[in-house]
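Below: the structure, in structure tokens.
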There are 2 protein chains.
Amino acid sequence: MGEPKCIHTEPELSLENNSTQEKIIAAAHKLFTQKGYAATKTREIAEEAGINLALLNYYFRSKEKLFDMIMADNMQQFVLGLAQITNDKATSYQEKFALLASSYTDLLLNQPEMPIFILSEIRNNPVGLFQRVRLDKIILSSNMFEQVKEAMKRGEIQQINPMHILMNLLGLTVFPFVASPMLKQFGGMNEGAYRDLMLERKKMIPLWVAALLQVKAP
Amino acid sequence: MGEPKCIHTEPELSLENNSTQEKIIAAAHKLFTQKGYAATKTREIAEEAGINLALLNYYFRSKEKLFDMIMADNMQQFVLGLAQITNDKATSYQEKFALLASSYTDLLLNQPEMPIFILSEIRNNPVGLFQRVRLDKIILSSNMFEQVKEAMKRGEIQQINPMHILMNLLGLTVFPFVASPMLKQFGGMNEGAYRDLMLERKKMIPLWVAALLQVKAP
DNA sequence: AGATATTTTAAACATTTGTTTAAAATGTTT
DNA sequence: AAACATTTTAAACAAATGTTTAAAATATCT
């Protein structure tokens, strides 16, 4: 009854691992993301992965440890792109808007339940989860917001709190995925039609955000 | 051991009910909305309400029945205003945008966790929850969207799928509440500063939505 | 092949959790 | 006050759930 070979010492979410470990991670990722931590049972994960229940604790010590890995991976995917794109000095802020809308739309078309999962789990654990991926002031002091502030000074765009820009960009991009079950119902749309709508938005959002920047506060 | 007086026959969420029933509803509303169905335990609700555990089943038969009431109440608050405002024939579509942004902002400032609760629970139960508050095509065939379509014909605004308008309006308004823990961290903001930002948005969103309508598809 | 380490399995354990039971307490009616 | 109905309580129950155990199966090494 030895410890597993190299799992507990390097508990990172990698894909070139043992096959059963992969199966567990894949099943856990699917179920946790779909239903959240509390609603997902260890026996469900084992069944979905097609493995014996005890292997879950053998490889990951506990449900919570397994969850933390899935969550960290989701968080990283969700916020790492943000930091990278906003800090690329080779692009203008308009190009960054387009890149953000584009890359987030692509990401969410493949993993539509990621943001609602992250946001609903964060509310239960507001502390600690951000310590790994600490973006405290990385966003507001990013190259993108420096460029935006410069454009404000030049009078190219209206004076506005940069947080509004971030909220508008993410709101326009992410919200349709967060609220997709409700919005599909509102529009009487199927999966395909909804997807097409998202692809339309991918092109429109940069134009929309640019237009918002021209609106003057009353 | 008789049945409670008039509870099971009129299982609606009203405020002029028995005191202990009120206490249970208040506690359940708080905990369910805060943590979701699966993460909320009946013993927690009883403790929060300051009542004996068995009273929960005495008054509401089961955890699920209690949850359904809380959920229906939340859903109603969230979507009923939408139907009312969008179908008021006395207002222009621009006025409706302002009314929607304003009333939703006020609602969410008082109950910030309502949308994330609704949206995260809907994903677990996509069916059935909408049958009570059926808004299938009420939104798209509302007076507001009739007015918008007219304005498109007149060339007053650009041609666009009306769903985009709904998504933009709700995305700009609701998303900052859905993602508030994350966004507060991004901006390094406290509760008060965040609230002020939401009040600014309340004024800006109608102008922003109006500006979006002028953007031409590429 | 034999020894050793690793992985997998079935079963059990200890809590947790939703619900029920039966009696006690409180309220209402006659 | 007696009889009845309603509400509250403590205790128990049955099922679900996260985890552990010890043995069996499989792989790895010498």
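Here the structure is a predicted model, which means the values were calculated and not measured. Note on naming: letters A, B, ... go to the chains in the order of the sequence lines (proteins, then strands), and numbering restarts at 1 for each one.
Between B:Asn57 atom CG and D:dT8 atom P the separation is 14 Å, expressed in whole Å. Rounded to an integer number of Å, the gap from B:Tyr37 OH to D:dA16 C1' is 13 Å. One atom, CG of B:Leu56, and another, P of C:dT17, lie 14 Å apart when rounded to the nearest Å. One interatomic measurement links the two molecules: CD of B:Glu64 to P of C:dT17, which rounds to 17 Å at whole-angstrom precision. Put simply, CZ on A:Arg61 is 11 Å from P on D:dT19, counting in whole angstrom units. Rounded to a whole Å, the CG atom of B:Leu31 is 12 Å from the P atom of C:dG18. For A:Asp68 and D:dG18, the CG to P distance is 15 Å, given to the nearest whole Å. Here D:dT8 presents its C1' atom at 11 Å from CD1 of B:Ile24, a figure rounded to the nearest Å.
Residues forming a ring-ring contact (aromatic ring centres under 6.0 Å, His included) with B:Phe177 (at least two apart in sequence, or on another chain): none. With sequence neighbours excluded, the residues satisfying side-chain contact (heavy atoms from CB on, under 4.5 Å) with A:Gln94 are A:Ser92, A:Glu156. Considering only residues two or more places apart in sequence or on other chains, B:Asp106 meets the salt bridge (Lys or Arg N to Asp or Glu O under 4.0 Å) condition with B:Lys202. Annotation: side-chain contact (heavy atoms from CB on, under 4.5 Å) contacts of B:Lys41 (sequence neighbours excluded): B:Glu44. With sequence neighbours excluded, the residues forming a side-chain hydrogen bond (donor to acceptor under 3.5 Å, both in side chains) with A:Thr91 are A:Lys96, listed by chain and number. Scanning for ring-ring contact (aromatic ring centres under 6.0 Å, His included) contacts around B:Tyr104 gives B:Phe78, with sequence neighbours left out. Evaluation of the salt bridge (Lys or Arg N to Asp or Glu O under 4.0 Å) rule for B:Glu191 yields B:Lys184 as partners, not counting sequence neighbours. Every residue meeting the ring-ring contact (aromatic ring centres under 6.0 Å, His included) condition with B:Tyr93, not counting sequence neighbours, appears here in chain and number order: B:Phe97.
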Nucleotides 13-15 of chain D: which of its N/O atoms have a protein N/O under 3.5 Å away?
none

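Remark: B:Leu53, B:Ala54 in residues 47-55 of chain B come within less than 4.0 Å of DNA chain C through at least one heavy atom.
Pairs of residues two or more places apart, or lying in two chains, that qualify as side-chain hydrogen bond (donor to acceptor under 3.5 Å, both in side chains) and include a residue from residues 166-183 of chain A are A:Asn168-B:Arg201.
Here the nucleotide nearest the side chain of A:Lys63, chosen from D:dT19, C:dT7, C:dT19, is D:dT19.
Classified by interplanar angle (parallel below 30°, tilted 30° to 60°, perpendicular above 60°), the ring pair B:Phe67/B:Phe32 is perpendicular.
Within the 4.0 Å cut-off from OP1 or OP2 of D:dT8, at least one side-chain nitrogen or oxygen of B:Tyr59 is found. At the phosphate of D:dG18, OP1 or OP2 sits under 4.0 Å from a side-chain N or O atom of A:Thr42. Within the 4.0 Å cut-off from OP1 or OP2 of C:dT8, not a single side-chain nitrogen or oxygen of A:Tyr58 is found.
With rounding to the nearest 0.5 angstrom, the CE atom of A:Met167 is 10.0 Å from the CD1 atom of B:Ile205.
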task: Fill in the dot-bracket string of DNA chain C, one character per base: . for unpaired, | for a pair to another strand, ( ) or [ ] for pairs within the strand, taking Watson-Crick or G-U pairs under 3.5 Å.
output: ||||||||||||||||||||||||||||||

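Relative to the ring axis of B:Tyr37, B:Lys63 places its NZ or CZ within 45° and under 6.0 Å from the centre.
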